[in-house]
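Quick notes on the structure that follows.
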Amino acid sequence: MPSALPDGEPVPADGALPASALAGAADRPLGFYLHVPYCATRCGYCDFNTYTATELRGTGGVLASRDNYAETLVDEIRLARKVLGDDPRPVRTVFVGGGTPTLLAAGDLVRMLGAIREEFGLAPDAEVTTEANPESVDPAYLAELRAGGFNRVSFGMQSARQHVLKVLDRTHTPGRPEACVTEARAVGFDHVNLDLIYGTPGESDDDWRASLEAAVGAGPDHVSAYALIVEEGTQLARRIRRGEVPMTDDDVHADRYLIAEEMLTGAGFDWYEVSNWATSEVGRCLHNELYWRGADWWGAGPGAHSHVGGVRWWNVKHPGAYAAALAEGRSPGAGREVLSSEDRRVERILLELRLRDGVPLDLLREEGRAAADRALSDGLLRPEPFERGHAALTLRGRLLADAVVRDLVD
């Protein structure tokens, strides 16, 4: 089941932000994340805030229904306009995630985007992405999204091997994600991502190579590859605990990452974040870069998190409670925190070190700078960026990124 929300101070009923949050806002890009919490089935590894029809039955009534979800989310977009007041920024990125956004009608996703356009306006070069389940779209659906203003789509592929998909409880058939790339290209999507997962119990190196070959051969301009994390409380965690499937160790994850780097680089992709590769700079996911660089984004939907000017807040998780709050004219925020300057410094190091350009050395304290010198000597940081004042990871450093970060934040 979905993980618990963090603790925090109460969110005002009207969602109002401290005046300090909007100070200097014009100098920061603004994005929107729209969360669609519905799935046809729950994947065994999933810890996201998602719900199947069975899980919602009797717990939210009509308020939790997919049928009127778009209008409910539009209500939060309108609330965002009130909270942000006369903030003049057009929206730079929109990302619709889930869950399975494409369980909604394409017209619903277009309607949600239209509300952002109406309330805030979109930047001329705005990136507008939706995640998509390969089995829940067809050419007509994709064409409606493209005509409605979406210009990037991300398909959940995970693996090209049926037995790996089965362990993950993924329902799409091998080959369908690759066909989706072709269909998306045909209706005018220039930017297409495929999401892959490595380290699934029972997956071999050959399985992983086959998945990478299939992904590259489909012709996307972006590939994301994530190590499987087995979260407590998931079906997969219970299966591993019962000994039904083996746990994959960190050494295997490292080997799979090296295979990904070799094959994706050989196919013309360059890494720009530890888990993301693109064929060009314009193919990068700008929305995720907002997160990694600490910009502003409003997260709309049950359980969605937001950040504006050093204030972070999160919504109630259940779709019924979320819809009820908005129907009553209240913010659906469940809690928030105001980040201190030290919080923001640490978060910059945690997130920006994952980027190809790295993190400025002048963010590090004395102990962290000494750790950076050691990491450079150990081959974990690249010499050229270091000379220019940035700590930027080598390939070996990417494999040990979490450990490097822990040392640098001291």
Side-chain angles (χ1 to χ4, degrees), residues 5-6 8-37 49 69-99 101 108-109 111-123 126-131 149-150 285-317 319 322-323 325-326 329-339 344 347 351:
L5 288 170
E9 65 182 45
V11 174
D14 62 358
L17 292 170
S20 60
L22 294 179
D27 298 326
R28 304 189 301 266
L30 174 65
F32 261 83
Y33 171 72
L34 310 181
H35 186 66
V36 178
N49 189 46
Y69 182 73
E71 181 55 37
T72 301
L73 194 134
V74 166
D75 286 342
E76 189 178 357
I77 293 170
R78 291 172 179 152
L79 172 67
R81 177 71 281 175
K82 292 177 183 177
V83 170
L84 296 179
D86 58 0
D87 184 338
R89 292 175 292 176
V91 172
R92 180 69 183 85
T93 68
V94 179
F95 193 103
V96 187
D108 283 348
L109 301 189
R111 183 181 182 187
M112 287 149 52
L113 175 61
I116 294 174
R117 185 184 291 112
E118 178 181 343
E119 297 292 341
F120 291 87
L122 293 174
E127 174 191 271
V128 183
T129 305
T130 186
E131 294 179 337
F150 285 81
C285 181
L286 297 180
H287 184 80
N288 282 343
E289 288 190 315
L290 291 189
Y291 297 155
W292 297 323
R293 297 190 184 280
D296 291 350
W297 71 89
W298 188 292
H305 288 233
S306 304
H307 172 266
V308 174
V311 178
R312 179 187 292 120
W313 70 96
W314 44 91
N315 286 344
V316 294
K317 299 187 71 169
Y322 169 79
L326 288 165
R330 295 183 289 108
S331 165
R336 77 179 188 187
E337 59 181 337
V338 179
L339 303 177
R344 299 180 79 174
E347 288 198 357
L351 296 173

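- Looking only at side-chain heavy atoms (C-beta outward), Thr93 and Pro29 stay at 4.5 Å or farther from each other.
- Ring geometry for Trp298 versus Trp313: interplanar angle over 60°, hence perpendicular rather than tilted (30 to 60°).
- With rounding to the nearest 0.5 Å, the separation of CD in Glu337 from NE2 in His307 is 9.5 Å.
- To the nearest 0.5 angstrom, Leu113 atom CG is 12.5 Å from Asp108 atom CG.
- One finds the CZ atom of Arg89 at 7.0 Å from the CG atom of Leu22 (value rounded to the nearest 0.5 Å).
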Asp87 and Arg81: side-chain contact (heavy atoms from CB on, under 4.5 Å), yes or no, with the steps? CA-CA 8 Å; Asp87 184 338; Arg81 177 71 281 175; 3.8 Å; yes
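- Scored by the side-chain contact (heavy atoms from CB on, under 4.5 Å) test, Glu347 finds Arg312, Leu339 as partners (sequence neighbours excluded).
- Across every non-hydrogen atom of Ser306 and Gly299, the tightest pair is OG-N, 2.7 Å.
- Ring-plane geometry between Tyr291 and His287 is classed as perpendicular, the angle between the planes exceeding 60 degrees on a 0 to 90 degree scale with a lower cut at 30.
- Here the shortest heavy-atom pairing between Ala16 and Arg336 reads O-NH1, 2.9 Å.
- Minimum interatomic distance between Phe120 and Ala80 (heavy atoms only, all atoms of both residues): CZ-C, 3.8 Å.
- In plain terms, the two heavy atoms of Val96 and Phe150 that are nearest each other are CG2-CE2, 3.8 Å.
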side-chain contact (heavy atoms from CB on, under 4.5 Å) evaluation trace for Leu17 with Leu84: CA-CA 8 Å; Leu17 292 170; Leu84 296 179; 4.1 Å; yes
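- Interatomic distance, CG of Leu109 versus CG of Leu34, reported as 9.0 Å (0.5 Å rounding).
- Contact record, Tyr322 with Pro332: CD1-CB, 3.5 Å, taken as the closest heavy-atom pair.
- Note: Arg78 CZ to Leu73 CG = 11.0 Å, rounded to the nearest 0.5 Å.
- Between atom CZ of residue Phe32 and atom CD of residue Glu76 there is a gap of 8.0 Å, rounded to the nearest 0.5 Å.
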Test log, rule side-chain contact (heavy atoms from CB on, under 4.5 Å), inputs Glu127 and Cys285: CA-CA 8 Å; Glu127 174 191 271; Cys285 181; 3.9 Å; yes
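- The list of salt bridge (charged side-chain N to carboxylate O under 4.0 Å, His left out) pairs with a residue in residues 14-30, not counting sequence neighbours, reads Arg28-Asp296.
- Looking at Asn315 and His35, their side chains never come closer than 4.5 Å, going by heavy atoms from C-beta outward.
- Across all non-hydrogen atoms, the minimal contact from Ala304 to Tyr33 is CB-CD2, 4.3 Å.
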